[in-house]
Amino acid sequence: MPKPATDQGSIRAFTHYKKLLEDKNVKPKNHTEITNGDTTSLEHVLWMCNHCIPQVTDDGRGFPVDKYSRWLGYIQGVLVCKKVTTVETERNRTRPWFT
């Protein structure tokens, strides 16, 4: 059974942000495991993308849709605050992925 459109859009978005960061030579690192780690670092955001992609499943074993949707929003927010992208750019890019 194919994944619902929302799930495919989320996978596409996480994958896009992963590639965007890898193209900037960012290396993934879970900053929640580091004393005084910076969870708004691009390293942490890339770790979040890598962690979320396999969690978007329909088998009940992955994250609930509300959890990975929050993570996706957080990732987008950090990327905008760090001036990697803009709200307008991401709204225009991802809108078709979620319709």
* Asked: If every non-hydrogen atom of T99 is compared with every non-hydrogen atom of P96, which pair is closest and at what distance?
  -> OG1-O, 3.3 Å
* May I ask you to test the T94-Q76 pair for a side-chain heavy-atom distance under 4.5 Å? => yes
* What do you reckon, are the aromatic ring centroids of F63 and W71 less than 6.0 Å apart? -> yes
* Just how far is it from atom CG of N30 to atom CD1 of I34, taken to the nearest 0.5 Å? -> 7.5 Å
* Nearest-0.5 Å distance, CD1 of residue I53 to CD1 of residue I11 -> 8.0 Å
* To do: Taking all heavy atoms of I75 and all of Y17, pick out the closest pair and write down the distance.
  => CG2-CD1, 4.0 Å
* When you look at CZ of R61, are more than 12 heavy atoms from neighbouring residues, nucleotides or ligands closer to it than 6.0 Å? -> no
* Could I get the full list of salt bridge (charged side-chain N to carboxylate O under 4.0 Å, His left out) partners for E90, not counting sequence neighbours? => R93
* Hydrophobic cluster (4.5 angstrom, side-chain heavy atoms) - remaining members for V80 -> V87
* Not counting sequence neighbours, which residues clear side-chain contact (heavy atoms from CB on, under 4.5 Å) with K24? List them please. => V26, V84
* **Qualifying salt bridge (charged side-chain N to carboxylate O under 4.0 Å, His left out) pairs with a residue from residues 73-88, counting only residues at least two apart or across chains** => none
* To do: Flag the pair T39 / Y74 as yes when at least one side-chain heavy-atom distance between them is below 4.5 Å, and no otherwise.
  => yes
* Structure fact -> Rounded to the nearest 0.5 Å, the CZ atom of R70 sits from the SG atom of C52 at a distance of 10.5 Å
* Does G62 offer a backbone N or O that forms a donor-acceptor pair with the side chain of T57 under 3.5 Å? -> yes
* Asked: Who are the side-chain contact (heavy atoms from CB on, under 4.5 Å) partners of P64, not counting sequence neighbours?
  -> D66, K67
Donor-acceptor contacts, no H, no angles, side chain residues 41-48, under 3.5 Å, sequence neighbours left out:
| residue | atom | partner | partner atom | Å |
| --- | --- | --- | --- | --- |
| S41 | OG | H31 | NE2 | 3.3 |
| S41 | OG | D38 | O | 3.0 |
| S41 | OG | H44 | N | 3.1 |
| E43 | OE1 | H31 | NE2 | 2.6 |
| H44 | ND1 | H31 | N | 2.9 |

* Heavy-atom closest pair, residues F98 and A13 -> CZ-CB, 4.4 Å
* Enter the distance from T86:OG1 to L79:CG here, rounded to the nearest 0.5 Å. => 11.0 Å
* Asked: Is a side-chain donor or acceptor of S69 paired with a backbone partner of V65 at a separation under 3.5 angstrom?
  -> yes
